Amino acid sequence: MSLAQVHYTSAAPGDEGTAGRFTVVGPGVSGALLAELEPLLRYELPEGVADHPSDGELRSLPQAFTYAALSDGSRLVSRSVPVRATGGGVGPGVRFHAHGVHLPPGVPLPGDRLPVEAWRSPHWVAVTPGGAIPDPLTLPPGPTAVSEGLDDFAVSRGPWLAAVLADLRRASEPTESGGRPVVLVERQCADVARWLGLASVTLPRESAERLTFTTYTRRPGSSAARVVGVLPEDAEAARAAGLRVHVCAGQPPSGGGTGDAWAATAARVWRSRSPELFREARELPGEPFAAGPLAVTALCAGIALGPDERAAAAGWAADRPYALDAKRTGQLVEALTSPGIDDRTGLEFDAAGRLFGALEGRCPAAVTAPLAAMLVTEAVRGGNGSLELPRRDAFVGPEGAAVAERLAPEILTELSDAAGTRSAERTVQLLRVARLLGVDGTDALPGVVDRLAPALLAEAAAEAGTDTPDFAPALLELLDEQFEVRTALLGALDRIAPQDPGAVARFLERVTLPFTGTQALPHLRMCAEVPGAMATLGGDRAAVWHRVLRAAGLSPFAEPLVLRTAVGLVWEDRAPTVEEARLLLDAATSDSHRVAGTWARLVDAALGAPAAEPSATGTPAGPPAASTDEAAALAHDLLRGFPGEIGGRERAGLLLLDLVRELRTGAPEPGWAETVRTLCAQAEPVEPALRERAHAALVERLLAPDRPGAELYDFVHGDDAELIAAYDRTARTETVRTRLRTQPAYAADCFTVWTAHPHAGRTWPPVAAALLDEVLRPAVRAMSAEDVAEVEATVGRTGSSGRADAFRTWNRSSTLGRLGRRIAGRVRRG
């Protein structure tokens, strides 16, 4: 079909206010469409053009070759060129002429060509024709001028290729609005057209057709095209407009790549002068701009690629192991494993491992053997612990023998290095590779697992925020593959468990080790049992302890260390209660606790037992709490059972508790107060509850009716402020007050004691006076006259007549005080 053509030229002299005018308009082009075409056809001269340029200068001026999409779905292909003026125009001596072809919606170019191919069409004209002219889009068969020399051009633009192709690809996407064009800065607009020629070969057909462009403009910021060309002098204005600018006419760019593996591969294909590979790559399955198909095609053609592109090729082939024939598969493996490559990355090795897994069993061993050798070499020399290693049968034959001979000394040397700081993941990888290659590491194995076991625990603790440690998958594969390693490592972990059972238990919660076989492993079994026991039995730690101990399958009499593991699991961060400590002590002999070291936990339980609970009035209760008696009894048994182990402040503390027991149940050695003071000093820093318990037991005994006078004398004259304060608190308890009110003999005894030592130091006299006035006086007031008389008589019998007179005087002053207050009240009422 014949396409409508339009011609537009500079304004004639006298057409002020206009930039140009249409001189020819083909059929079917409406006036509304002409208004849309006019700004696309206009031409603006570069700066600095001579008033009357020579023919050569005129020919060197840029030409604007444009491909534009119009609002009604039609398109415009046009060329705007400067021409010598015959009068008027856009500049002195220079005018422009635009020749355009209108393509209705859905109508392709003649011959199904791409628009850029019409760049050098001989049918473009620079004057308004007098009659019909050939359609400039009707091109002769074969490659047009724009396709000639693209290889040379691509090589000359090598430093910019990847970045420009990446942007041209993005500009060709369907969602690209076209409002922010890619700017190509070239000295010649023909080079901009060549860039578009490169894009037309590199991109899929539908993408290239979406790439609207103009090879020259002075105003890139207002262009609706997706790609625009500008001269170097206009590059800064394009940058100021925030556009993506590629200055391809100056110094090559410095820095890294684009991060676009497809564009980097495409650039290498062009620099290798192999554009036919783009067509081959498009025949392979995959997304249009996936790097994998193009990278595979390039590698099979012998083109060297970078690590990201090789990784893309290996990953694509791993996902589609049947997409390549045997020949190309061999070529790809050969390219990936080339000995001349020295920049492989972890990502590339991971992709190569996936490829090996996909090809193994589908291809002859001779094809996959180079991949296997490369992977294990990297595992040993590169330290890549995440590699998916091949199976053992990949290394049979001469290839495997050669790899083993090369790597075995390195593996054994590193495994035997006791001073090395390698990670657990590294050790696991080396052990796996050693088995793959048939390297005999029997002699080094005990030392290896003894270093590996604590490293596993330490690294798992360091990764506490994750569900599973990074090394776990490889470790479980190692244990599944190698029975001797599994046996040795589980044994090493079992030996470690008594030292830090909590750490081992937390490790087993995150890494499920296979220890369900015939190995005893009592400590590991206990560590594995404790989470379930705690979840089931809750806060009953004694029941948890029994269940965990049963999981060991051994008696603590036969294997005392199970005691240490069980105690560490159940009471890891705290001391047992006194009741729990008694359970532990009775569960095994003192020899078992001595070997296990658990006697120290029992000592902590005794020394850390709480004091007696306070009464409802806020003062300590009279009788000791049950736990107090049990703690004292426990201390007594511990001192007898571990005389050689308990020393220092712990021994003093237990002796203090034992003294509490004797003060409450027996007849301790004389010198109670001094003994309490001495043991408290030796037990420093003494637990507050223990100090309080010892003081309370002492003063309770001193307040008892049968206390020895000598002990009371020593106590009063010792002038110990803390002990006297404890005596004062206990004397004010309800228990003592009740005894004073109901037992005249006890009241007489207290009166005698509280008045007998008026000059015993500084602390005792004010305390005794306060107790007489605030504790004894209210008790005597509450007595009957007969009881008061008995108190007086008892004071006289146990003391002297002077003491009885003192009591009468003290009591009379109280009575007179009451009588005086009564009389004063009556006077006030009168």
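On a predicted model such as this, the values are computed, not experimentally measured, just so you know. The chain is numbered in sequence order, starting from 1.
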Worksheet entry | Pairing residues for Ala543 by the side-chain contact (heavy atoms from CB on, under 4.5 Å) criterion, not counting sequence neighbours | Leu537, Asp540
Worksheet item: Is Arg649 paired with Glu687 through a side-chain N to carboxylate O contact shorter than 4.0 Å?
Response: yes
Practice prompt. Please work out whether the ring planes of Trp764 and Phe715 are parallel, tilted or perpendicular, with thresholds of 30° and 60°.
Written response: perpendicular
Discussion item. Is it true that Thr678 and Thr675 share a donor-acceptor pair across their side chains at a distance under 3.5 Å?
Written reply: no
Discussion item. Just verifying a value: how many Å separate Leu489 CG and Leu475 CG, rounded to the nearest 0.5 Å?
Written reply: 6.5 Å
Item to complete: State yes or no: are the ring centers of Tyr727 and His695 separated by less than 6.0 Å?
Response: no
Discussion item. If I compare all heavy atoms of Ala770 with all of Arg732, which pair ends up nearest, and what's the gap?
Written reply: CB-NH2, 3.7 Å
Worksheet item: If you draw a 6.0 Å radius around CG in Asp586, do more than 12 non-hydrogen atoms from other residues or ligands fall strictly inside?
Response: yes
Discussion item. Run Thr598 and Arg564 through side chain to side chain donor-acceptor pair (under 3.5 Å) and show every step you take.
Written reply: CA-CA 6 Å; Thr598 47; Arg564 180 191 298 179; over 6 Å; no
Worksheet item: Nearest 0.5 Å, what's the NE2-CG distance between His717 and Leu712?
Response: 9.0 Å
Between side-chain atoms of residues 548-563 and protein atoms elsewhere (two or more places apart, or another chain), which donor-acceptor pairs fall under 3.5 Å?
| residue | atom | partner | partner atom | Å |
| --- | --- | --- | --- | --- |
| Ser555 | OG | Phe557 | N | 3.0 |
| Glu559 | OE2 | Leu561 | N | 3.1 |

Item to complete: To the nearest 0.5 angstrom, please state how far the CD atom of Glu674 sits from the CG atom of Leu679.
Response: 10.0 Å
Discussion item. Test your reading of the model: is there a side-chain donor-acceptor pair from Glu459 to the backbone of Ala424, 3.5 Å cut-off?
Written reply: yes
Discussion item. Any side-chain to backbone donor/acceptor pair from Asp719 onto Gly761? Under 3.5 Å, distance only.
Written reply: no
Practice prompt. Using the salt bridge (Lys or Arg N to Asp or Glu O under 4.0 Å) rule, take Arg574 and Glu580 through it: C-alpha gap first, then chi angles, then the decisive distance, then the call.
Written response: CA-CA 12 Å; Arg574 69 196 78 180; Glu580 292 166 348; over 6 Å; no
Fill in: Glu684, CD atom: more than 12 neighbouring heavy atoms under 6.0 Å
yes
Worksheet entry | Donor on one side chain, acceptor on other, Arg797 and Thr794, under 3.5 Å | yes
Fill in: NZ/NE/NH1/NH2 to OD/OE distance under 4.0 Å, Asp450 and Arg495
yes
Worksheet item: Checking salt bridge (Lys or Arg N to Asp or Glu O under 4.0 Å) for the pair Arg506/Glu572: CA distance, chi angles, key distance, verdict?
Response: CA-CA 12 Å; Arg506 288 186 290 273; Glu572 179 180 11; 3.0 Å; yes
Worksheet item: Taking NZ, NE, NH1 and NH2 as the nitrogens, is one of them in Asp637 or Arg582 under 4.0 Å from a carboxylate oxygen of the other?
Response: yes
Response to the item:
Rounded to the nearest 0.5 angstrom, the CG-CG distance for Leu415 and Asp443 is 12.0 Å
Discussion item. So that I can tick it off, tell me whether Arg640 and Asp658 are bridged by a salt bridge, with the cut-off set at under 4.0 angstrom between side-chain N and carboxylate O.
Written reply: no
Worksheet item: Is Glu579 salt-bridged to Arg541, going by a charged N under 4.0 Å from an acidic O?
Response: no
Fill in: Leu723/Arg677 under side-chain contact (heavy atoms from CB on, under 4.5 Å): CA gap, chis, key distance, verdict
CA-CA 9 Å; Leu723 284 176; Arg677 284 194 292 269; 3.7 Å; yes
Item to complete: State the CG-CD distance between Leu431 and Glu484, to the nearest 0.5 angstrom.
Response: 9.5 Å
Worksheet item: Can Glu792 and Arg803 be counted as an ion pair, charged N to O under 4.0 angstrom?
Response: no
Discussion item. Let me confirm one number: the OG1-CG distance from Thr763 to Asp720, rounded to the nearest 0.5 Å.
Written reply: 8.0 Å
Practice prompt. Check whether any side-chain N or O of Arg664 sits under 3.5 Å from a backbone N or O of Leu659 as a donor-acceptor pair, and report yes or no.
Written response: no
Worksheet item: Checking side chain to side chain donor-acceptor pair (under 3.5 Å) for the pair Thr730/Thr733: CA distance, chi angles, key distance, verdict?
Response: CA-CA 5 Å; Thr730 304; Thr733 61; over 6 Å; no
